[in-house]
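Data first, discussion second: the structure below is written as structure tokens.
Residue numbers start from 1 in every chain, and the chains themselves are labelled A, B, ... in the order their sequence lines are given, proteins ahead of strands.
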Amino acid sequence: DAGVIQSPRHEVTEMGQEVTLRCKPISGHDYLFWYRQTMMRGLELLIYFNNNVPIDDSGMPEDRFSAKMPNASFSTLKIQPSEPRDSAVYFCASSPPATLLNEQFFGPGTRLTVL
Amino acid sequence: QKEVEQNSGPLSVPEGAIASLNCTYSDRGSQSFFWYRQYSGKSPELIMFIYSNGDKEDGRFTAQLNKASQYVSLLIRDSQPSDSATYLCAVNESNSNSGYALNFGKGTSLLVTP
């Protein structure tokens, strides 16, 4: 099993540019989560989906951030326009259908640097 | 905002000793508690979960939960240098639509010295 796949692994961009991060969850998992991790704020949940439907986006910092899940095997997180304070590691995680153990499996992350 | 608090460390223990990692949380409705290990530059991986008060053992790891005190801990026996990592405590968000959202602490850095 390939695990959660994220691309790109590293992204360096200039302030004001649009950034798109991509995620492919584990096949059969119906929950997908987007997190952001920084030293200052730790690991923060941005948004999560169940069966491709956004369930809770209260963690999305502002309107510059948007996320979509057009099908069960693909999700994107877009930042437009990007700002230096968006620099962080962005993780995607997926979880299997509802069980007592809602273990989340994390992808390798995308390290974003906004200059 | 529900809080999950951890001492950032670093916690330094000698090889073979017991490492004790602690976590407190503010959401009284939380029912699921998790410990994730994160090596530097890598993604978090689940190592323990606990739902009921008391202790749960898995190999060298023991998770302890006290819901009345809103306290969860992780003990690592016979610590090895390979245990050196950041340990993240995670607690389910009780008022999320499905209870699947997790609140993470900022993590405790553990260093096991040979």
Side-chain angles (χ1 to χ4, degrees), chain A residues 2-7 9-10 21 23 25-26 29-61 67 88-111, chain B residues 1-10 21 23-27 29-52 56 58 61 63 65 85-109:
Chain A
V4 176
I5 299 172
Q6 291 187 246
S7 65
R9 295 292 306 277
H10 301 273
L21 310 181
C23 175
I26 294 172
H29 285 192
D30 60 0
Y31 284 88
L32 184 138
F33 306 82
W34 281 102
Y35 290 92
R36 176 174 68 177
Q37 187 174 41
T38 61
M39 289 293 292
M40 286 293 293
R41 300 176 66 89
L43 193 62
E44 302 173 279
L45 177 65
L46 301 177
I47 185 172
Y48 76 98
F49 297 82
N50 178 222
N51 290 322
N52 313 336
V53 176
I55 301 300
D56 186 351
D57 66 353
S58 60
M60 297 285 263
V89 180
Y90 291 80
F91 288 105
C92 174
S94 69
S95 188
T99 60
L100 184 60
L101 172 62
N102 51 331
E103 177 178 2
Q104 296 183 19
F105 295 81
F106 283 76
T110 295
R111 182 173 295 276
Chain B
Q1 177 68 29
K2 303 298 172 55
E3 300 281 337
V4 178
E5 300 286 344
Q6 296 181 256
N7 189 320
S8 63
L21 305 165
C23 171
T24 59
Y25 60 95
S26 64
D27 186 351
S30 294
Q31 297 295 321
S32 309
F33 307 86
F34 305 84
W35 284 98
Y36 282 78
R37 178 177 61 199
Q38 186 175 24
Y39 292 112
S40 179
K42 302 296 185 181
S43 56
E45 60 176 327
L46 182 68
I47 56 171
M48 286 289 289
F49 63 92
I50 187 167
Y51 304 122
S52 304
K56 179 182 178 182
D58 184 0
F61 298 97
L65 174 62
T86 296
Y87 290 80
L88 305 173
C89 173
V91 176
N92 84 294
E93 176 74 44
S94 66
N95 65 355
S96 66
N97 290 346
S98 68
Y100 261 59
L102 294 181
N103 286 319
F104 281 81
K106 292 183 180 179
T108 297
S109 176

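- Pairs engaging residues 37-52 of chain A under the salt bridge (charged side-chain N to carboxylate O under 4.0 Å, His left out) rule: A:R36-A:E44, A:R41-A:E44 [sequence neighbours left out].
- Residues B:F104 and A:Q37 fail the side-chain proximity criterion, which asks for heavy atoms closer than 4.5 Å.
- The contact between A:L45 and chain B is made entirely by side chain atoms (from C-beta outward), counting heavy-atom distances below 4.5 Å.
- Here the closest non-hydrogen pair linking A:G107 and B:S43 is O-CB, 3.0 Å.
- Note: A:Q104 CD to B:L46 CG = 9.5 Å, rounded to the nearest 0.5 Å.
- Between atom CG of residue B:N103 and atom CG of residue A:L43 there is a gap of 10.5 Å, rounded to the nearest 0.5 Å.
- Heavy-atom distances place no part of A:F105 under 4.5 Å from chain B, backbone and side chain included.
- Atom OH of A:Y48 is separated from atom CG of B:L102 by 9.5 Å, given to the nearest 0.5 angstrom.
- Judged by distance alone, with hydrogens and angles left aside, the side-chain atoms of A:Y31 form no donor-acceptor pair with the main-chain N or O of B:A101 at under 3.5 Å.
- Shortest non-hydrogen contact noted between B:Q38 and A:F91 is NE2-CZ, 3.7 Å.
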